[in-house]
K.L.:
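Here you go, one structure.
In this chain, numbering begins with 1 at the start of the sequence shown. Counting starts at 1 for both ligands and their atoms, in listed order.
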Amino acid sequence: LSIVRLGILGTGIAANQLYWPELQKLRSRYRITAVCNRTRAKAEAFAKLTGAKAVCDTPEELFARDDVDAIAIALPIELQPDYVLAALKAGKHVLSEKPVAANLKQGRPFVKKASALAAKKKLIWLVAEQLAFAEHVAKAEQWLSAKAIGDVRLVTVSYMTLMTNQSAYFQTKWRQNPKFAGGFVVDGGVHMANVVRRLLGMPKEAKSITASFNPALKPIDTAVAALKFANGAVGVWRSCFSVSAQEPRLRLSGSRGDLDFWADRIALQKHGGQKREFVAKHSAFYHQFMHFHAVISGKTKLAFTPEEALLDLEFMLRIIGE
Ligand SMILES: NC(=O)c1ccc[n+]([C@@H]2O[C@H](COP(=O)([O-])OP(=O)(O)OC[C@H]3O[C@@H](n4cnc5c(N)ncnc54)[C@H](OP(=O)(O)O)[C@@H]3O)[C@@H](O)[C@H]2O)c1
């Protein structure tokens, strides 16, 4: 397929602020042909913005369209599994948002069933954990295997965002009364779990403490966990949505230096002074869409599986002690 005809289910923040800016740069690869949203007016506005020809009243109508090859699903987390299954059943490739499910009880049988269905129908199902495709994370992986900071000894995650009732994310009703585990801590945390898991593997041990400073952020807004990894490295994970901090999201401290991770860049500081920086050219969302297109076109294999997305959810559930 040279142009993937995309149907969008859920035209909220993710579709408007994360997908559309990147899809505009990828006009040679994607065209949005049809959209669907619970509140129709929002679907109509999105169709107008993107040039999509059809606004569907129901997801079933969207999935049944002949002019749609793939569906991007950006709905409240706990609702996504049923729609992923329905879209695959209808013969569409699927890009579905993270976390892959609301919890492991929902996630385990779902991932098994949906992966089997995708394999049987020769369809691609990608879970949208975009950091799996980030340039700077790939570069970090290279530097680490070249032992640029020696052996990694200490892992520090700092995921801090002051979430006020002015935030568009806070204003989404489904986040105010979450029907998925861990609230913002897990919702946002799977991305960093993905990076840490990729670089160091799943933690062998995790000891968690949680707290709740802002009762509007349910069920918790804070988690701190002590971690131990297979290579012997230890870590401290700090997620808090009731403070703000200008710190790298992740610092890996090694026997020969430190490696800091920011939103789109990494910075290496060797003991003795030598510094190196790498800045990503394109956003991780851009690369994610490029990858989805390449896999659908048969040019490459899926580089991030739903089973791995389930591990990232499991990682975060350990961070919150569940
Ligand atoms: N990859 C990332 O970095 C990233 C970033 C942000 C979000 N996300 C993910 O994207 C998904 C959507 O998040 P968002 O921030 O875009 O939220 P959002 O703005 O609330 O969008 C969700 C959409 O789902 C619809 N919806 C809400 N409740 C529904 C229900 N009960 N039945 C059917 N439709 C319903 C909403 O329709 P209405 O217009 O009727 O409310 C809305 O358009 C989530 O899974 C989230 O985790 C990922």
Side-chain angles (χ1 to χ4, degrees), residues 7-23 32 35-47 49-50 52 55-63 71-84 86-87 94-103 106-107 110 125-134 137 159 161 163 166-195 217 239 241 249 263-264 280 283-289 291-292 304 306 308-310 312-313 316:
I8 309 266
L9 176 59
T11 57
I13 303 170
N16 279 278
Q17 295 183 18
L18 309 176
Y19 298 174
W20 180 233
E22 302 308 327
L23 288 170
I32 300 176
V35 302
C36 177
N37 190 63
R38 180 180 63 175
T39 305
R40 192 182 159 96
K42 270 168 66 180
E44 281 169 1
F46 191 71
L49 177 75
T50 60
V55 175
C56 302
D57 284 318
T58 63
E60 293 70 30
E61 198 188 309
L62 178 69
F63 301 161
I71 310 276
I73 303 179
L75 292 178
I77 294 159
E78 70 282 0
L79 299 182
Q80 299 204 116
D82 285 349
Y83 289 115
V84 171
V94 174
L95 176 73
S96 65
E97 271 304 336
K98 43 47 61 178
V100 63
N103 48 49
Q106 183 190 42
F110 161 54
W125 172 32
L126 174 62
V127 179
E129 286 185 28
Q130 67 274 5
L131 287 188
F133 304 99
V137 181
Y159 200 115
T161 303
M163 189 59 67
Q166 303 302 308
S167 158
Y169 287 116
F170 176 76
Q171 285 171 9
T172 56
K173 289 266 175 311
W174 63 274
R175 286 190 178 90
Q176 287 173 15
N177 290 297
K179 294 195 178 75
F180 59 95
F184 280 101
V185 172
V186 172
D187 181 359
V190 286
H191 294 299
M192 287 316 298
N194 178 258
V195 175
L217 302 176
S239 285
F241 287 82
R249 277 277 161 94
D264 64 349
S283 81
F285 294 100
Y286 175 92
H287 288 295
Q288 180 173 272
F289 278 118
H291 182 73
F292 189 51
F304 175 65
E308 290 176 88
L310 195 61
D312 294 335
L313 174 61
M316 285 315 299

K.L.:
For a quick check: using heavy atoms under 4.0 Å, what are the residues in contact with ligand 1, sorted by chain and number?
P.N.:
Thr11, Gly12, Ile13, Ala14, Leu18, Asn37, Arg38, Thr39, Lys42, Ala74, Leu75, Pro76, Ile77, Leu79, Gln80, Glu97, Lys98, Ala128, Gln130, Tyr169, Thr172, Trp174, Arg175, Asp187, His191, Phe285
K.L.:
Taking only residues two or more places apart in sequence, or in another chain, which ones meet Phe304 in a ring-ring contact (aromatic ring centres under 6.0 Å, His included)?
P.N.:
none
K.L.:
Checking Thr161 now: which residues fulfil side-chain contact (heavy atoms from CB on, under 4.5 Å) with it, not counting sequence neighbours?
P.N.:
Tyr159, Met163, Phe241, Arg249
K.L.:
Does Tyr169 offer a backbone N or O that forms a donor-acceptor pair with the side chain of Ser167 under 3.5 Å?
P.N.:
yes
K.L.:
Listed by chain and number, what are the ring-ring contact (aromatic ring centres under 6.0 Å, His included) partners of His287, not counting sequence neighbours?
P.N.:
His282
K.L.:
Checking ring pair (Phe, Tyr, Trp, His ring centres under 6.0 Å) for the pair Tyr286/Phe133: CA distance, chi angles, key distance, verdict?
P.N.:
CA-CA 9 Å; Tyr286 175 92; Phe133 304 99; over 10 Å; no
K.L.:
With heavy-atom distances below 4.5 Å as the criterion, would you say the side chains of Phe170 and Arg175 are in contact?
P.N.:
no
